[in-house]
Amino acid sequence: MSKMFIRFFTIADFEEEEIWLREQHQHGLKLVNMVPPCFYYFEECEPEDVVYRLDFKNAYPDSEYTTLFADYGWEYAGKCTGWIYFRKPASQMETDEDTEIFSDCESKISMLENIIKRRMMPLLVIFLCCCLPNLFRAIDTVTGMAFKTFWIIMTVMYVYLITHCTAKLFVLKKKYEK
């Protein structure tokens, strides 16, 4: 039997998403599909402690890529908007290093830089080129209140997302640099 959950994670919340997916698996729900922006599909399974890890590639994973992870016991669980999902039973992990898909902090930092380049920069461009000019246009002209309200809400939402994600990615980068 399948179950669908609606859950929103920003691009900087991938560690929280990994924890949430692990908790779902511990409750007998195995991830089978993700549909943007926030739909997660699960199928029932035996409750098990399974670690989920995400990698950001912004490209469809080829067989060489997934085979590399499979050689270390990671099962390819799917892809969604640049994120690639892997899982591995906790029982197969002997050390803390076994719980990670990256062998070093430089790889984690490289992933964060890729997120910034491929997701944060376009988000910032959309904000600067679309939201702000339309907000200023709505305020300066005689337009309906609904139009002004829409652009105020869009601007607040983008400012929040950009601030939240930038701050969180910066904290993660500092954490991985140690």
Side-chain angles (χ1 to χ4, degrees), residues 1-123 161-162 164-178:
M1 184 166 157
S2 292
K3 289 193 176 191
M4 189 269 295
F5 291 99
I6 297 174
R7 185 77 192 259
F8 182 77
F9 294 98
T10 69
I11 57 175
D13 297 330
F14 60 92
E15 289 184 338
E16 288 84 353
E17 186 175 1
E18 292 171 344
I19 292 167
W20 181 72
L21 292 170
R22 183 177 189 172
E23 290 170 352
Q24 298 310 309
H25 211 117
Q26 289 170 337
H27 291 102
L29 295 171
K30 176 180 172 179
L31 179 69
V32 291
N33 193 20
M34 297 78 51
V35 177
C38 56
F39 300 97
Y40 292 81
Y41 293 89
F42 295 86
E43 66 182 22
E44 290 183 359
C45 66
E46 286 296 316
E48 182 182 11
D49 189 10
V50 174
V51 176
Y52 282 79
R53 290 291 179 252
L54 280 67
D55 188 13
F56 183 81
K57 288 291 184 198
N58 207 35
Y60 197 81
D62 58 22
S63 62
E64 183 179 320
Y65 175 80
T66 56
T67 300
L68 173 69
F69 287 96
D71 290 344
Y72 289 95
W74 292 96
E75 174 189 6
Y76 172 74
K79 179 189 181 311
C80 184
T81 62
W83 291 102
I84 302 166
Y85 293 71
F86 294 98
R87 64 177 156 238
K88 183 179 185 180
S91 61
Q92 294 179 9
M93 300 177 189
E94 297 174 10
T95 66
D96 287 342
E97 290 80 30
D98 291 342
T99 65
E100 296 296 330
I101 59 173
F102 298 112
S103 60
D104 57 23
C105 288
E106 290 80 22
S107 298
K108 291 178 185 179
I109 292 169
S110 176
M111 182 185 79
L112 291 176
E113 290 169 351
N114 195 22
I115 293 168
I116 291 166
K117 183 171 80 174
R118 305 264 183 196
R119 287 291 190 264
M120 288 300 296
M121 295 308 288
L123 189 66
L161 282 173
I162 290 169
H164 169 77
C165 291
T166 301
K168 194 154 190 183
L169 290 170
F170 178 76
V171 168
L172 286 170
K173 189 172 179 183
K174 289 292 179 196
K175 173 181 150 184
Y176 296 149
E177 287 175 342
K178 291 182 180 181

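All heavy atoms count here, side chains included; hydrogens, waters and symmetry mates do not. Computed from a prediction, not measured in an experiment: that's the story for all the values here. Numbering starts at 1 and runs along the sequence shown.
The salt bridge (charged side-chain N to carboxylate O under 4.0 Å, His left out) search around Lys117 returns none, not counting sequence neighbours. By the ring-ring contact (aromatic ring centres under 6.0 Å, His included) test, Phe69 pairs with Tyr65, Phe86, sequence neighbours left out. Residues forming a ring-ring contact (aromatic ring centres under 6.0 Å, His included) with Trp74 (at least two apart in sequence, or on another chain): none. Thr67 meets the side chain to side chain contact (heavy atoms under 4.5 Å, CB included) test with Asp71; sequence neighbours excluded.
Taking a 6.0 Å sphere around CD of Glu177, one finds it holds more than 12 heavy atoms contributed by other residues, nucleotides or ligands. Heavy atoms from other residues, nucleotides or ligands lying under 6.0 Å from CZ of Phe170 number 12 at most.
Summarising the geometry of Ile162 relative to Met120, their closest heavy-atom pair is O-CE, 3.8 Å, with the distance given to 0.1 Å. The two residues Val51 and Thr99 come nearest to each other via the heavy atoms CG1-O, 4.0 Å. In plain terms, the two heavy atoms of Pro89 and Glu48 that are nearest each other are CB-OE2, 3.4 Å.
For the atom pair Thr166 OG1 and Leu161 CG, the distance stands at 10.0 Å (nearest 0.5 Å). Taking CE of Met121 as the start and CD1 of Ile116 as the end, the distance is 9.5 Å to the nearest 0.5 Å. A distance of 11.5 Å separates OG of Ser63 from CG of Leu68, quoted to the nearest 0.5 Å. Between the CG atom of Asp13 and the CG atom of Leu54 there is a distance of 11.5 Å, given to the nearest 0.5 Å. With values rounded to the nearest 0.5 angstrom, Arg7 atom CZ is found 9.0 Å from Glu16 atom CD. Expressed to the nearest 0.5 Å, how far CZ of Arg119 lies from OG1 of Thr10 amounts to 12.0 Å.
Across Glu18, Arg22, His25, a single residue satisfies side chain to side chain donor-acceptor pair (under 3.5 Å) together with Tyr52, and that is His25. With respect to Phe56, the ring-ring contact (aromatic ring centres under 6.0 Å, His included) criterion is satisfied by exactly one of Trp83, Phe102, Tyr85: Trp83.
The salt bridge (charged side-chain N to carboxylate O under 4.0 Å, His left out) analysis of residues 75-91, with sequence neighbours excluded, yields the pairs Glu75-Arg87.
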Cut-off 3.5 Å, no hydrogens considered: what does the side-chain donor-acceptor table look like for residues 26-42, sequence neighbours left out?
| from | atom 1 | to | atom 2 | distance (Å) |
| --- | --- | --- | --- | --- |
| Gln26 | NE2 | Asp49 | OD1 | 2.9 |
| His27 | ND1 | Glu23 | O | 2.6 |
| Tyr40 | OH | Glu17 | OE2 | 2.6 |

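In this pair, Trp20 and Phe9 present their aromatic rings tilted. The plane angle is within the 30 to 60° band.
Between the side chains of Ser107 and Asp104, a donor-acceptor pair is found at a separation under 3.5 Å.
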